[in-house]
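Since this is a predicted model, take the numbers as computed values, not measurements.
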Amino acid sequence: MSAANPSYKPSEGKREEFRKYLEKNGVMDALTRVLVNLYEETEKPEDALEYIRDKLAIIAGLETNKELLIKLSEVEDKVIDLEAQLAGGKTGEGEPEGGSISPLAEEAPAKGQPEKTEENEPAPCLKLPSLEENPENASVQSQK
C-alpha cells in the first residue's frame, strides 16, 4: 500500500481503526458524495481530480481553485497599480497630497497615548555615545 515499502501490509486492526476514523470525521461520506456526483455527470470534466478537489472544497466550506485564482489575479493587479502610484509619486484617489492621514489625525494622540500638555511633555531623547567617546565601539564599526 505504501510506495516507500511495497511489501508493507497494515494489520486488519489498523485498517479497521483507520476506516472508523474516516467515517467518524465524515471523510467517507464526503468522498462518496463527490464520486457519486462525478459518476452522475452527463459530461465528464476534463480534469477529474480538479473536479473532486473543487467539490471537496465546497463541502468543506472553502474556496475553489478557480475562485482563489481569480482573487490572486485581482490582488496582483492591485499591487501593480499601487506600485505604479508609488513610482509616480501619486496618492490614492481623493486623498490629500502628502498621504492619507488627515491633518486632524496627525494632531490627535495615538490610541492609548496621553495627550501632550505642558505637564507631561515627552521625555528627552537619550544621547548615544559617539565613536570618539568609546574606542571599543570604533573597532567594532571598522570591522563591519
query: Can you check side-chain contact (heavy atoms from CB on, under 4.5 Å) on Lys20 and Glu16, steps first, answer last?
result: CA-CA 6 Å; Lys20 286 180 181 179; Glu16 184 64 25; 3.5 Å; yes

task: Apply salt bridge (Lys or Arg N to Asp or Glu O under 4.0 Å) to Glu74 and Lys78, showing your working.
output: CA-CA 6 Å; Glu74 290 171 355; Lys78 188 171 184 175; over 6 Å; no

task: Please answer whether the main-chain N or O of Leu69 pairs with a side-chain N or O of Ser73 as donor and acceptor at a distance below 3.5 Å.
output: no

field: Minimum heavy-atom distance between Asp54 and Thr64, given as atom pair plus value
entry: OD1-CB, 3.7 Å

field: Distance-only side-chain donor-acceptor flag, Glu41 / Tyr51, under 3.5 Å
entry: yes

- prompt: Can you get from Met28 to Ile58 by hopping between Ile, Leu, Val, Met, Phe, Trp and Tyr side chains that sit under 4.5 Å apart?
  reply: no

- prompt: Under the 3.5 angstrom rule, does the side chain of Asn25 hit a backbone N or O of Val27 as a donor-acceptor pair?
  reply: no

Shared hydrophobic cluster for Leu68 and Ile70 (ILVMFWY, side-chain gaps under 4.5 Å): no

field: Chi angles and distances behind the side-chain contact (heavy atoms from CB on, under 4.5 Å) call for Leu31, Leu22
entry: CA-CA 10 Å; Leu31 286 172; Leu22 292 176; over 6 Å; no

- prompt: Is a salt bridge present between Glu12 and Arg15, judged by a nitrogen-to-oxygen distance below 4.0 Å?
  reply: yes

- request: Return the minimal non-hydrogen interatomic distance between Asn65 and Glu50, and the atom names on each side.
  value: ND2-OE2, 4.4 Å

- request: Flag the pair Lys71 and Glu67 as a salt bridge only when some basic side-chain nitrogen lies within less than 4.0 angstrom of an acidic carboxylate oxygen.
  value: no

- line: The reported gap from CD in Glu23 to CZ in Phe18 (rounded to nearest 0.5 angstrom) is 11.5 Å

message: What verdict does the side-chain contact (heavy atoms from CB on, under 4.5 Å) test give for Lys55 and Arg33, after you've listed the backbone C-alpha separation in whole Å, the side-chain angles of each residue and the deciding distance to 0.1 Å?
response: CA-CA 9 Å; Lys55 293 297 181 183; Arg33 282 189 285 164; over 6 Å; no

field: Candidate pair Ile52 and Leu35, rule side-chain contact (heavy atoms from CB on, under 4.5 Å), full reasoning
entry: CA-CA 7 Å; Ile52 292 169; Leu35 291 172; 4.0 Å; yes

